[in-house]
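Excluded from the calculations below are hydrogen atoms, water molecules and symmetry mates; all remaining heavy atoms, backbone and side chain alike, are included.
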Amino acid sequence: TLLHVLSKDNTKGNLEKIKKNSDSLLTDYKNIASLRIEYSEDPTQTVSELTAEYDLLILGTPKQDTWKSMLFGAGDGKHRAKIIKDGDVLMQMRPPEYKSNNIAPEGVAGFFVNSGARHFVCQSKIMDDDYVFKMGRKIRNAGIFQPQGININFYRQTNDNSIEIKTYEKGVEEVMLSCASGSTAVIFHLSKNKCVESPVVTHSAGGSLTINYDSAWSEVWVDGPAEI
């Protein structure tokens with residue numbers, strides 16, 4: 001859906017121009033796309049109210065080719081994102097929180113952190129995929145985390161602000177190339193223990209992510225490569 005929110009004093013001529021330009025933008029997507037025009041005295045409020053109807057909302061100015069920011073829905077709610085350049089996306093994350101003290105499912109010490117998804121973060125000297133898969137599956141199925149299960153993030157600090165991370169993800173039941181919410185959970189834990197300072201770079205098989213956060217962890221942004 002291509003959405004235009006217009007003030008009520010828009011002229012008929014301007015409306016026709018908007019429709020014509022919109023039809024041109026949607027030419028290649030006629031079978032799946034539609035045009036929606038809303039009138040409002042407060043466009044910002046109207047856009048905010050309409051976001052609940054869409055899983056993905058891209059905001060921009062077609063004339064200037066600035067389709068550079070978006071709001072999309074995920075299992076943990078709405079996320080804001082910005083396209084910095086081709087293949088590089090900056091995404092706002094939900095502020096993480098501890099859900100446990102130090103626990104040791106399957107003999108592995110770590111912490112349950114909710115960063116929008118359920119994550120168990122644990123330091124590990126062993127980071128090969130075989131170990132992460134086998135031990136990750138055991139911890140994911142540990143009784144303490146049932147019935148929902150949990151994602152497992154093994155991490156190793158390579159230097160002051162650089163962290164290697166590997167994630168076993170429930171549902172997929174595999175070692176993932178990368179995980180933004182898992183990386184955020186790990187950095188949250190390390191920052192709370194004064195092991196890192198913002199910004200922090202995490203490294204996974206899928207590439208590197210840069211995590212920026214404020215002192216209260218109320219503003220959290222992840223910057224990294226993304227491809228469809």
Side-chain angles (χ1 to χ4, degrees), residues 44 47-48 51-52 54-60 68-85 87-103 110-124 145 148 150-172 176-228:
T44 301
V47 169
S48 178
T51 57
Y54 298 93
D55 289 328
L56 173 64
L57 179 66
I58 301 176
L59 307 175
K68 298 298 185 184
S69 66
M70 64 190 74
L71 180 68
F72 64 91
D76 58 335
K78 299 291 184 182
H79 289 265
R80 294 191 179 279
K82 301 175 182 178
I83 301 173
I84 306 302
K85 58 184 178 181
D88 189 11
V89 174
L90 180 66
M91 181 172 67
Q92 187 177 36
M93 303 299 293
R94 172 175 163 177
E97 58 180 335
Y98 279 117
K99 290 296 185 178
S100 79
N101 294 317
N102 197 343
I103 53 178
F111 293 80
F112 176 6
V113 176
N114 189 334
S115 59
R118 295 161 56 87
H119 289 277
F120 178 73
V121 301
C122 52
Q123 188 172 14
S124 179
F145 299 125
Q148 299 100 320
I150 201 163
N151 305 299
I152 319 301
N153 303 101
F154 299 87
Y155 70 86
R156 177 169 59 194
Q157 188 161 4
T158 53
N159 59 48
D160 287 349
N161 269 34
S162 182
I163 313 296
E164 180 184 0
I165 299 175
K166 286 197 175 181
T167 300
Y168 178 92
E169 185 168 316
K170 70 184 183 78
V172 181
M176 304 301 291
L177 292 176
S178 185
C179 179
S181 63
S183 296
T184 300
V186 169
I187 301 310
F188 170 76
H189 169 63
L190 289 173
S191 77
K192 291 298 183 182
N193 286 273
K194 303 187 185 305
C195 297
V196 295
E197 295 180 355
S198 181
V200 184
V201 179
T202 66
H203 303 280
S204 300
S208 298
L209 301 175
T210 301
I211 300 177
N212 288 271
Y213 53 89
D214 62 6
S215 59
W217 273 87
S218 58
E219 284 286 333
V220 189
W221 291 85
V222 175
D223 178 5
E227 294 183 6
I228 297 177

Exercise for review: For the residue pair Cys179 and His119, establish whether any side-chain heavy-atom pair is separated by less than 4.5 Å.
Suggested key: yes
Exercise for review: Please check if the side chain of Asn193 supplies one atom and the backbone of Cys195 the other of a donor-acceptor pair under 3.5 Å.
Suggested key: no
Review point. Is there side-chain contact between Ile163 and Val196, with at least one heavy-atom pair below 4.5 Å?
Key: yes
Practice item. Using a 4.5 Å cut-off on heavy atoms from C-beta on, say whether the side chain of Asp223 contacts that of Asp88. Key: yes
Exercise for review: For the residue pair Arg156 and Gln123, establish whether any side-chain heavy-atom pair is separated by less than 4.5 Å.
Suggested key: no
Point to revise | Approximate separation, where rounding is to 0.5 Å, of His189 NE2 and Asn153 CG | key: 11.5 Å
Review point. What are the two closest heavy atoms between Arg94 and Gly116, and how far apart are they?
Key: CD-CA, 3.7 Å
Review point. If we ignore angles and hydrogens, is there a donor and acceptor under 3.5 Å between the side chains of Ser162 and His203?
Key: yes
Check your understanding: Under a 4.5 Å cut-off applied to non-hydrogen side-chain atoms, are Glu219 and Gln92 in contact?
Key -> yes
**Study point:** Residue pair Thr184, Ile211: steps toward the side-chain contact (heavy atoms from CB on, under 4.5 Å) verdict
**Key:** CA-CA 7 Å; Thr184 300; Ile211 300 177; 4.2 Å; yes
Review point. Can you list the steps and then say if Glu97 with Lys99 is a salt bridge (charged side-chain N to carboxylate O under 4.0 Å, His left out)?
Key: CA-CA 6 Å; Glu97 58 180 335; Lys99 290 296 185 178; 3.6 Å; yes
Review point. Is there a donor-acceptor pair closer than 3.5 Å between any side-chain N or O of Ser115 and the backbone N or O of Ser181?
Key: yes
**Study point:** For Tyr213, the option from Ser218, Ser191, Pro199 that meets side-chain contact (heavy atoms from CB on, under 4.5 Å)
**Key:** Ser191
Practice item. List the steps and the verdict of side-chain contact (heavy atoms from CB on, under 4.5 Å) for Val222 and Thr210. Key: CA-CA 6 Å; Val222 175; Thr210 301; over 6 Å; no
Practice item. To the nearest 0.5 Å, tell me how far Asn161 CG sits from Leu190 CG. Key: 10.0 Å
Check your understanding: Under 6.0 Å from the CD atom of Glu197, do we count more than 12 heavy atoms belonging to anything else shown?
Key -> no
Practice item. Give the intermediate values and the outcome of side-chain contact (heavy atoms from CB on, under 4.5 Å) for residues Ser208 and Thr202. Key: CA-CA 6 Å; Ser208 298; Thr202 66; over 6 Å; no
Study note, to complete from the structure: Which of Phe112, Phe111, Phe145 passes ring-ring contact (aromatic ring centres under 6.0 Å, His included) with Phe120? Answer is Phe145
Review point. Are the side chain of Asn151 and the backbone N or O of Lys170 linked by a donor-acceptor pair below 3.5 Å?
Key: yes
Point to revise | Nearest-0.5 Å distance, OG of residue Ser198 to CH2 of residue Trp221 | key: 13.5 Å
Check your understanding: How close do Glu164 and Thr158 get, heavy atom to heavy atom, and via which atoms?
Key -> CB-CG2, 4.3 Å
Revision key, fill the gap. Separation between CE (Met176) and OG (Ser204), nearest 0.5 Å, reads 10.5 Å
Point to revise | Side-chain heavy-atom pair Val201, Leu209 within 4.5 angstrom cut-off | key: no
Check your understanding: Less than 4.5 Å apart, any side-chain heavy atom of Tyr98 and any of Lys192?
Key -> yes
Review point. Does CG in Asn101 sit with more than 12 non-hydrogen atoms of other residues, nucleotides or ligands closer than 6.0 Å?
Key: no
Exercise for review: Please examine the side chains of Tyr155 and Ser124, heavy atoms only from C-beta on, and report whether any two atoms are closer than 4.5 Å.
Suggested key: no
Study note, to complete from the structure: Tightest non-hydrogen contact, residues Pro96 and Val220, listed as CD-CG2, 4.3 Å
